[in-house]
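Worksheet: the structure to be examined is printed underneath.
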There are 2 protein chains.
Amino acid sequence: MKEKIELINHLKSLLPKCGRMQVKTFQKGDNVMTYLAKRNQICVVLNGVVDLVRYDASGSKAIVERYRENDLFGEAFHPVVTNNELFVVAKEKSEILQFIYDDLEEKCNKNCKTHTVLYNDLLKLTILKTIDQNIRIELLTKTTIREKLLFYFSYLSINNYGKEFTIPFSFTDLSDYFNVDRSALMRELKHLSSEGFIERNGKYIKLLY
Amino acid sequence: MKEKIELINHLKSLLPKCGRMQVKTFQKGDNVMTYLAKRNQICVVLNGVVDLVRYDASGSKAIVERYRENDLFGEAFHPVVTNNELFVVAKEKSEILQFIYDDLEEKCNKNCKTHTVLYNDLLKLTILKTIDQNIRIELLTKTTIREKLLFYFSYLSINNYGKEFTIPFSFTDLSDYFNVDRSALMRELKHLSSEGFIERNGKYIKLLY
DNA sequence: GGTTGTCTGTTGCAATTGCAACATTTCTGC
DNA sequence: GCAGAAATGTTGCAATTGCAACAGACAACC
């Protein structure tokens with residue numbers, strides 16, 4: 001994760017040399033995507049939280065993904081392939097670094113060295129993004145809520161949190177991420193407690209296995 | 001999609017100039033990943049089909065992902081972050097292009113131009129991979145099987161197949177991709193038929209809405 | 001040509017989950 | 001410090017889904 005931050009900083013220092021790049025600040029509720037022509041746009045969250053939101057035919061709202069500090073998003077990764085309406089909305093005040101991928105190629109052919117480094121950075125960041133996505137996919141492909149929870153706990157546990165940790169999200173956010181009903185998630189947590197798999201106090205979890 | 005094939009071919013032509021690269025042939029059932037040191041390995045399927053397989057604690061097998069021609073996979077995208085056992089197994093005879101990402105940086109610093117192009121290719125391919133992943137995630141976050149089917153139909157429909165098309169996978173594979181029970185998927189297809197949303201004959205589908 | 005294996009198609013039943021509705025607690029802004 | 005909003009926690013009930021267990025169609029292989 002430290003690597004990711006270094007990469008972002010590196011990127012920030014390089015992009016001015018490459019031409020097109022801008023940092024914009026969005027207030028809570030602002031629509032993020034419409035501010036630039038929608039042509040292979042790439043965005044980086046410098047700070048804040050933005051949601052990728054879907055409105056179904058029925059008009060109901062669902063959070064497809066949530067991007068936080070140092071996350072990548074944008075049309076380049078999310079082209080319109082279905083008749084779903086996708087929007088990116090700032091969940092809180094957020095600073096976003098934006099540029100258009102195609103511009104990188106067209107513009108600064110003068111400075112090849114910079115380009116090599118730039119592409120390398122972007123590649124690494126994109127790979128880090130696919131890693132996050134893979135984890136999410138593996139979690140989503142667990143059949144039961146219990147399996148999802150145990151997978152997620154195992155993930156937290158291995159990433160240097162040990163057998164005890166505090167869940168870094170709200171349960172509301174977590175149920176979104178798991179794509180399950182929040183009350184069903186709470187219920188399953190209770191079952192895991194009563195069956196002796198975990199000890200829980202709010203977001204504090206202790207694995208007993 | 002044509003772009004993807006061009007990129008792969010381009011990559012194949014470039015990599016020899018960059019040093020470390022190999023093409024290996026695997027027979028059905030072979031384990032693919034163990035053939036190279038597991039350090040930021042990147043693989044490209046030249047032809048054939050390979051499965052990313054997970055074995056749970058209970059020993060049951062699940063296909064997490066399936067990679068086909070021109071798909072990228074490898075440790076670089078799938079580091080070990082949980083206590084799950086992941087394997088990559090050839091589903092049929094397959095040719096795989098393999099190289100180690102870190103080598104790209106260490107080795108050919110002599111030829112900067114090639115590197116720029118190489119990184120650019122890899123970046124584009126990786127972005128194409130994230131697009132596939134995003135589609136899968138959006139599909140997986142649909143709550144009901146019906147919604148998943150309609151989303152998938154809409155995807156097929158928009159990608160130049162029109163209102164009539166033939167599903168390019170077996171229903172067994174499709175239920176894996178949807179992460180739902182196959183019989184439940186068949187049942188929902190029947191409901192969609194009887195309620196007049198679709199007309200179906202085997203894998204041929206006609207949308208009536 | 002027959003055998004074996006995979007894929008399709010169907011159904012009953014049990015289980016998990018989503019939904020709705022509510023009370024309680026915590027957080028946030030003024 | 002208060003008011004309103006957001007998050008947590010709980011429960012009953014209905015609905016969707018997974019599971020198991022089939023039978024038949026199709027394909028591959030010797």
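Residue numbers begin at 1 in each chain, while the letters A, B, ... track the order of the sequences.
- A:Glu147 has its CD atom 12 Å from the C1' atom of D:dG18, to the nearest Å.
- The side chain of B:Arg187 lies closest to C:dT11 when the candidates are C:dT11, C:dG18, D:dA7.
- Sparse packing is recorded around CZ of B:Phe197, with 12 or fewer heavy atoms of other residues, nucleotides or ligands lying under 6.0 Å away.
- With rounding to whole Å, A:Glu188 atom CD is found 12 Å from C:dA15 atom C1'.
- Straight-line distance from the CG atom of A:Asp173 to the C1' atom of D:dT8: 13 Å, rounded to whole Å.
- Following rounding to the nearest Å, A:Met186 (CE) and C:dT25 (P) show an atom-to-atom distance of 14 Å.
- In this structure, of D:dT16, C:dT17, D:dC19, it is C:dT17 that holds the atom nearest to the side chain of A:Ile145.
- Remark: P of C:dT16 and CG of A:Leu189 are 16 Å apart, rounded to the nearest angstrom.
- Of all heavy-atom pairs between B:Val89 and B:Val32, the closest is C-CG2, 4.4 Å.
- No hydrogens or angles considered: nothing links the side chains of A:Glu138 and A:Thr141 as a donor-acceptor pair under 3.5 Å.
- Nucleotide C:dG9 holds its C1' atom 12 Å from the CG atom of B:Leu185, rounded to whole Å.
- Which of D:dT17, C:dT8, C:dG18 sits closest to the side chain of B:Arg182 comes down to C:dT8.
- No engagement by A:Arg146 is indicated, since no non-hydrogen atom pair under 4.0 Å with the nucleic acid exists.
- Regarding B:Ile167, its CD1 atom lies at a distance of 12 Å from the C1' atom of C:dT8, rounded to whole Å.
- If you check residues 191-205 of chain A against DNA chain C, you find no residue with a heavy atom closer than 4.0 Å.
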Evaluation steps, salt bridge (charged side-chain N to carboxylate O under 4.0 Å, His left out), between B:Arg146 and B:Glu195: CA-CA 12 Å; B:Arg146 169 165 301 203; B:Glu195 290 174 35; 3.0 Å; yes
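- For B:Lys93 and B:Phe26, the positive end is not near the middle of the six-membered ring at less than 6.0 Å and at most 45° from its axis.
- Sequence order on DNA chain C of the closest nucleotides to B:Phe169 and B:Asp181 puts B:Phe169 first from the 5' end.
- Contact between the side-chain N/O atoms of A:Thr172 and the OP1/OP2 oxygens of D:dT8 is found at a separation under 4.0 Å.
- Side-chain contact check for A:Gln133 and A:Thr130: no donor-acceptor pair (N or O, by modelled atom type) lies under 3.5 Å.
- Between the CG atom of B:Asp176 and the P atom of C:dT8 there is a distance of 11 Å, given to the nearest Å.
- Nearest to the side chain of B:Lys190, among D:dG12, C:dT10, D:dG18, sits C:dT10.
- Residue A:Ser183 is in base contact, counting any heavy-atom pair closer than 4.0 Å across all strands shown.
- By the 4.0 Å N-to-carboxylate-O rule, A:Arg66 lies close enough to A:Asp173 to be salt-bridged with it.
- Aromatic rings from B:Tyr204 and B:Phe165 are positioned such that their centres are separated by 6.0 Å or more.
- Of the listed nucleotides (D:dG9, C:dT17, C:dG9), C:dG9 has the atom at the smallest distance from the side chain of B:Phe171.
- Within 4.0 Å (heavy atoms only), B:Asn179 reaches sugar-phosphate atoms of the nucleic acid but no base atom.
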